[in-house]
Amino acid sequence: MEKLPLDFYQSHDTLRLAQLLLGCELVHENLEGITAGVIVETEAYLTDDPACHAYRRQTTRNAAMFGPAGTLYVYQIYNHYNCINVVTGPEGVGEAVLIRALEPTEGIELMGFRRNDAFKTGFERYRNNTIDSSSANGQRNLCNGPGKLTIAMGIDRQKHNSSSLTTGELFIRGPVFHDFDMVTTTRIGLTRGADLPYRFYISGNRYISKK
DNA sequence: CGCGGGATTTGCT
DNA sequence: GCAAATCCCGCGG
């Protein structure tokens, strides 16, 4: 399956893209190797949605959200973690789809190294933590949350915020999962817009984030 | 220029 | 269940 083209991102609105991205594969190839995983959980953030970072106006932090569809928006949250979003909607309109969970498909060992490395270089109190990427439980733990998958995929805010998903070594392939049931529900961890049904995930998938 | 809140994750209670 | 991590940036004075 080929890299999804610019046209894919431009041809659908944000809510539709949040659903269409389920089953597609996020791929990152760099000097460390290739890592990839199927998108199994997303959330949509619309321009008229109080939970959206671009709800008020364009600022330094959210500038990438106002770029063309197919741009990557990476932001830092809670002092430590990064989350990745696929920018959607027309240029100048701040909308995006948060990728919340992946089912790992390629480079599973490398994902484990990156996660364990993050423990070592992160908080001292996490230094004894290890993920066993050869076990089913370990693999389930690699990318089942927005902060986790960003580490496992080797995505860096400085490097990848505002980068394009249609050129370069970080991109999305067309659907590799078909014929699944989709669950629509409310988004996670929000204080505003918490009642909007903008979260989507693949029914029964074992790699969904918690809650 | 300082204050505070945030689309999270983790280990310990 | 809860607090900690201790950053980035938007906002108010």
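Letters A, B, ... mirror the listed sequences (proteins, then strands); counts begin at 1.
- Residue pairs meeting the ring pair (Phe, Tyr, Trp, His ring centres under 6.0 Å) criterion with at least one member in residues 5-49 of chain A, sequence neighbours excluded, are A/Phe8-A/His12, A/His28-A/His160.
- Of the listed nucleotides (B/dT10, C/dC11, B/dA7), B/dT10 has the atom at the smallest distance from the side chain of A/Lys148.
- Here the C1' atom of nucleotide B/dA7 and the CG atom of A/Asn62 are 14 Å apart, to the nearest Å.
- Note on A/Arg192: nothing from the nucleic acid sits closer than 4.0 angstrom, heavy atoms only.
- A straight line from CZ of A/Arg199 to P of B/dT8 spans 10 Å, rounded to a whole angstrom.
- Using a 4.0 Å heavy-atom criterion, one finds that A/Arg187 contacts no nucleic acid atom at all.
- Summarising the geometry, the separation between NE2 on A/His80 and P on C/dA3 is reported as 20 Å, rounded to the nearest angstrom.
- Comment: A/Glu2 does not engage A/Arg173 in a salt bridge, judged by the lack of any side-chain N to carboxylate O separation of less than 4.0 angstrom.
- At whole-Å resolution of the value, CG in A/Asn82 and P in B/dA7 are 14 Å apart.
- When distances run from any side-chain atom of A/Thr59 to the nucleotides C/dC11, C/dG10, B/dT9, the shortest one goes to C/dG10.
- Evaluation of the side chain to side chain donor-acceptor pair (under 3.5 Å) rule for A/Asn161 yields no partner, not counting sequence neighbours.
- Under the side chain to side chain donor-acceptor pair (under 3.5 Å) criterion, A/Asn85 pairs with no residue at all, not counting sequence neighbours.
- Every residue two or more places apart in sequence or in another chain that forms a side chain to side chain contact (heavy atoms under 4.5 Å, CB included) with A/Asn141 is listed here: A/Asn144, A/Lys148.
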Donor-acceptor list for residues 101-109 of chain A side chains, cut-off 3.5 Å, not counting sequence neighbours:
| from | atom 1 | to | atom 2 | distance (Å) |
| --- | --- | --- | --- | --- |
| A/Glu103 | OE1 | A/Asn205 | ND2 | 2.8 |
| A/Thr105 | OG1 | A/Glu25 | OE2 | 2.6 |
| A/Thr105 | OG1 | A/Ala36 | O | 3.1 |

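- In this structure, the nucleotide among C/dC9, C/dC11, B/dT8 sitting nearest to the side chain of A/Arg61 is C/dC9.
- For the P atoms, the distance linking C/dG1 with B/dA7 amounts to 22 Å, nearest Å.
- Here the P atom of nucleotide B/dG6 and the CZ atom of A/Arg157 are 18 Å apart, to the nearest Å.
- For the strand DNA chain B, secondary-structure stems (runs of at least three Watson-Crick or G-U pairs, all distances below 3.5 Å) span B:1-6 with C:7-12, B:8-12 with C:1-5.
- Residue ring and nucleobase are stacked for A/Tyr78 and B/dT8, with a centre distance beneath 5.5 angstrom and an angle between planes beneath 30°.
- Rounded to a whole Å, the CD1 atom of A/Ile151 is 11 Å from the C1' atom of B/dT10.
- Here the side chain of A/Arg56 is nearest to one of C/dC7, B/dT8, C/dC11, namely C/dC11.
- Picking from C/dC11, B/dA7, B/dT8 the nucleotide with the shortest atom distance to the side chain of A/Tyr45 gives B/dA7.
- When the C1' atom of B/dT9 is taken as reference, atom CD1 of A/Ile131 falls 11 Å away, rounded to whole Å.
- Under the 4.0 Å criterion applied to side-chain N and carboxylate O atoms, A/Asp195 and A/Arg187 are not assigned as salt-bridge partners.
- Atom CD1 of A/Ile208 and atom P of B/dA7 are 20 Å apart (whole Å).
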